Amino acid sequence: MADAPALLEAQGLVMRFGAFTALRGISATIRGGEVVGLIGTNGAGKTTFLNMVTGYLRPTEGRVLLEGRDVTGTGPREMVGRGLARSFQVPQLFPEMTAREHLVLAEALADQGQRSLLGPLPEGGRAEAMLARFGLAAIADTAVSLVPQGQRKLIDIAMALMLRPRLLLLDEPTSGVSSAEKGPLMQTVFEAIRAGGVTVLFVEHDMEIVERYVTRILAFRDGELLADGTPEAVLRDREVARSVLRRKEVAT
Ligand SMILES: Nc1ncnc2c1ncn2[C@@H]1O[C@H](COP(=O)(O)OP(=O)(O)OP(=O)(O)O)[C@@H](O)[C@H]1O
């Protein structure tokens with residue numbers, strides 16, 4: 001994977017909100033086929049980083065390259081067209097709409113290049129397959145406001161995958177989900193991701209989940225990239241253990 005072509009490159013990303021600097025010059029490269037975990041303390045800048053590379057925030061300084069092309073400042077809709085999709089910490093769903101309606105809508109958005117959104121909705125072939133893959137068939141016609149948080153997360157991620165991304169960014173896929181639901185949720189998500197051959201960057205606080213799924217970790221602290229490497233190396237790094245994982249030093 002080390003010699004796979006760069007899919008996403010962040011070059012010296014800085015984000016200032018007024019006088020406050022949330023990101024202080026982050027540079028990182030994500031290559032095709034990687035599953036990268038983004039970890040860090042609360043407020044370290046993880047969501048801000050996702051917002052910058054997905055076009056929700058324009059960096060104060062620095063550049064974002066997607067497959068070698070400078071996409072800095074490109075808006076979120078256009079980034080989807082370029083092969084990048086994301087899910088949110090709090091799923092962005094319409095409470096009155098069902099899972100099936102959300103996925104059919106995502107299918108229409110994915111096909112937008114070929115036809116108008118004002119035209120007839122798609123037949124829903126891919127939406128039905130995605131509902132089945134995500135184990136959502138039983139609640140497919142229930143308004144999402146009545147569906148548990150874990151399934152809302154799955155709907156949000158399934159919608160992102162409907163857009164046929166090459167790079168998928170997930171912001172805390174297991175937050176707000178009970179510990180019993182976390183394992184099965186991530187297993188479902190990663191089976192779908194592997195089937196689609198998608199490269200992934202995901203923010204996660206649960207280190208068991210991180211260790212289980214990632215090929216590489218980026219660790220943020222106070223707006224800086226503290227460590228970037230294999231899970232074995234990063235999780236054993238003294239500074240990461242002390243300030244991100246909050247492990248006390250064990251006298252040896
Ligand atoms: N729009 C904004 N205006 C001002 N400050 C902001 C804005 N968005 C984020 N921040 C600040 O930037 C810092 C980084 O926030 P961010 O949400 O990226 O952290 P995070 O690592 O994702 O944290 P968490 O794990 O708690 O979700 C925080 O101090 C936050 O308060």
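Indexing begins at 1, ligand by ligand and atom by atom, following the structure's order. Keep in mind the model is a prediction, meaning the values are calculated, not measured.
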Taking any residue with a non-hydrogen atom under 4.0 angstrom from an atom of ligand 1, which ones do you get? Phe17, Phe20, Ala22, Thr41, Asn42, Gly43, Ala44, Gly45, Lys46, Thr47, Thr48, Gln89, Glu172, His205

Here the gap from Asp171 atom CG to Thr54 atom OG1, rounded to the nearest 0.5 Å, amounts to 9.0 Å

Can you name the closest pair of heavy atoms from Glu224 and Ile26 and give their distance? C-CD1, 3.7 Å

Only pairs at least two apart or in different chains count here, so list each salt bridge (Lys or Arg N to Asp or Glu O under 4.0 Å) that has a residue in residues 90-102. Arg100-Glu128, Arg100-Asp141

Does the side chain of Arg31 reach to within under 4.5 Å of the side chain of Leu7, using non-hydrogen atoms? no

Under 6.0 Å from the six-membered ring centre of Phe88 and within 45° of its axis: does the NZ or CZ of Arg86 meet both? yes

Can you establish whether the number of heavy atoms outside Glu239 located under 6.0 Å from its atom CD is more than 12? yes

